[in-house]
Undergrad: 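Below you will find the structure I want to go over with you.
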Amino acid sequence: MALTLRAAAAAAAGSTRGLSRLFSTSFIPPMNSATPSAREQAEPSTNLFVSGLSKRTTTEKLHEAFSQFGEVVHARVVTDRVSGYSKGFGFVKYATLEDAAKGIEGMDGKFLEGWVIFAEYARPRQPPPPPQNNMASPYSRY
DNA sequence: TCTGAGCGA
């Protein structure tokens with residue numbers, strides 16, 4: 001099965017959670033319960049970050065796949081603005097937190113368009129940039 | 001048209 005091999009490769013490359021178990025032989029990290037600045041999973045929200053998508057997976061396909069587990073309010077595959085091609089990840093917004101949880105349970109690690117995808121809570125988006133508009137031009141006042 | 005481990009116009 002070529003599909004299985006590719007899936008295993010994708011899973012090995014992508015699942016940091018699973019690999020950490022393999023590497024922890026007898027070594028106990030200093031931070032046992034609290035990881036201050038580590039990349040931990042974002043807190044539950046209705047918004048999901050979906051990665052591992054096929055480059056050919058479209059927004060509607062993403063919407064369709066995640067709709068099986070709850071009411072999808074919004075879905076988007078992130079594409080490059082200049083080329084228009086998928087960046088291989090996207091976002092799915094559910095109506096409720098429960099649906100979002102079910103969506104993760106139902107789709108994380110599953111196949112979509114031949115690729116193993118990963119679904120997790122999306123981080124809150126990047127804070128809006130400060131306005132910084134120059135209302136004072138050299139000629140504005142005199 | 002393509003990229004691959006990534007958080008969006």
Undergrad: Whole angstrom is fine here: how far is it from CD1 in A:Ile117 over to P in B:dG4?
TA: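 Interatomic distance, CD1 of A:Ile117 to P of B:dG4: 20 Å.
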Undergrad: Could you check B:dG4 for me: syn (within 90° of 0) or anti?
TA: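 Here B:dG4 takes the anti form, which means its glycosidic angle is more than 90° from 0.
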Undergrad: Tell me, yes or no, whether the heavy-atom count around A:Glu105 atom CD, taken from other residues, nucleotides or ligands under 6.0 Å, exceeds 12.
TA: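 No - once you tally the heavy atoms of other residues, nucleotides and ligands closer than 6.0 Å, there are 12 at most.
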Undergrad: More 5' along DNA chain B: A:Leu53 or A:Val78, using each one's nearest nucleotide?
TA: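 With A:Leu53 and A:Val78 compared, the 5'-side residue is A:Leu53.
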Undergrad: If you check every side-chain atom of A:Phe49, which of B:dA5, B:dA9, B:dC7 has the closest atom?
TA: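 Of the options given, the side chain of A:Phe49 lies nearest B:dC7.
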Undergrad: Using a heavy-atom cut-off of 4.0 Å across all strands, would you classify A:Ser54 as base, sugar-phosphate, or nothing?
TA: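 Contact class for A:Ser54: base.
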Undergrad: Verify whether the ring centers belonging to A:Phe89 and A:Phe49 lie closer than 6.0 Å.
TA: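 A:Phe89 vs A:Phe49: aromatic centres under 6.0 Å.
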Undergrad: For the pair made of OH in A:Tyr121 and C1' in B:dC7, what is the distance, rounded to whole Å?
TA: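 Roughly 16 Å, once rounded to whole Å.
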Undergrad: Check A:Val78, A:Val116, A:Val77, A:Thr58 against A:Leu53 for a side chain to side chain contact (heavy atoms under 4.5 Å, CB included) and give me the one that passes.
TA: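 Single side chain to side chain contact (heavy atoms under 4.5 Å, CB included) partner of A:Leu53 among A:Val78, A:Val116, A:Val77, A:Thr58: A:Val77.
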Undergrad: Quickly work out the A:Arg125 CZ to B:dG6 P distance and round it to whole Å.
TA: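 It works out to 20 Å between those atoms.
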Undergrad: What nucleotide among B:dT1, B:dA9, B:dG8 has an atom nearest to a side-chain atom of A:Arg81?
TA: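 Comparing B:dT1, B:dA9, B:dG8 against the side chain of A:Arg81, the answer is B:dA9.
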Undergrad: With a 4.0 Å cut-off on heavy atoms, is A:Thr79 in touch with a base, just the backbone sugar-phosphate, or nothing at all?
TA: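 Sugar-phosphate only.
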Undergrad: Could you check which of B:dG6, B:dT3, B:dG4 has an atom nearest any side-chain atom of A:Trp115?
TA: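 Of B:dG6, B:dT3, B:dG4, B:dG4 is nearest to the side chain of A:Trp115.
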Undergrad: Where each residue is assigned the nucleotide of DNA chain B containing its nearest heavy atom, which of A:Asp80 and A:His74 is assigned the position nearer the 5′ end?
TA: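 Comparing both residues, the 5'-ward one is A:Asp80.
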Undergrad: Could you tell me whether A:Gly52 contacts a base, only the sugar-phosphate backbone, or nothing, with contacts defined as non-hydrogen atoms closer than 4.0 Å?
TA: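 Base contact.
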Undergrad: B:dA5 C1' sits how many Å from A:Asp108 CG, rounded?
TA: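 Roughly 14 Å, once rounded to whole Å.
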Undergrad: Any link between A:Leu48 and A:Leu112 through a network of hydrophobic side chains (Ile, Leu, Val, Met, Phe, Trp, Tyr) touching at under 4.5 Å?
TA: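 Yes, A:Leu48 and A:Leu112 fall within the same hydrophobic cluster.
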Undergrad: Tell me: CZ of A:Phe91 to P of B:dG6, nearest whole Å?
TA: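 Distance, rounded to whole Å: 13 Å.
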Undergrad: Roughly, in whole Å, what's the span from CZ in A:Arg76 to C1' in B:dC7?
TA: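 Nearest whole value for this atom pair: 12 Å.
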Undergrad: Looking at the side chain of A:Ser83, which of B:dG4, B:dG6, B:dC2 is the nearest nucleotide?
TA: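 In terms of side-chain proximity for A:Ser83, the closest of B:dG4, B:dG6, B:dC2 is B:dC2.
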Undergrad: Decide side-chain contact (heavy atoms from CB on, under 4.5 Å) for A:Thr46 and A:Val73; before the verdict, give the C-alpha distance in whole Å, the side-chain angles of both, and the deciding distance to 0.1 Å.
TA: CA-CA 9 Å; A:Thr46 56; A:Val73 175; over 6 Å; no
Undergrad: Measure NZ/A:Lys55 against C1'/B:dC2 and give the value in whole Å, please.
TA: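 Interatomic distance, NZ of A:Lys55 to C1' of B:dC2: 9 Å.
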Undergrad: By centroid distance (under 5.5 Å) and plane angle (under 30°), are A:Phe89 and B:dA5 in a stacked arrangement?
TA: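 The ring of A:Phe89 is not stacked on B:dA5.
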Undergrad: Expressed as a whole number of angstroms, how long is the span from A:Glu120:CD to B:dC7:C1'?
TA: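 From A:Glu120 CD to B:dC7 C1': 9 Å.
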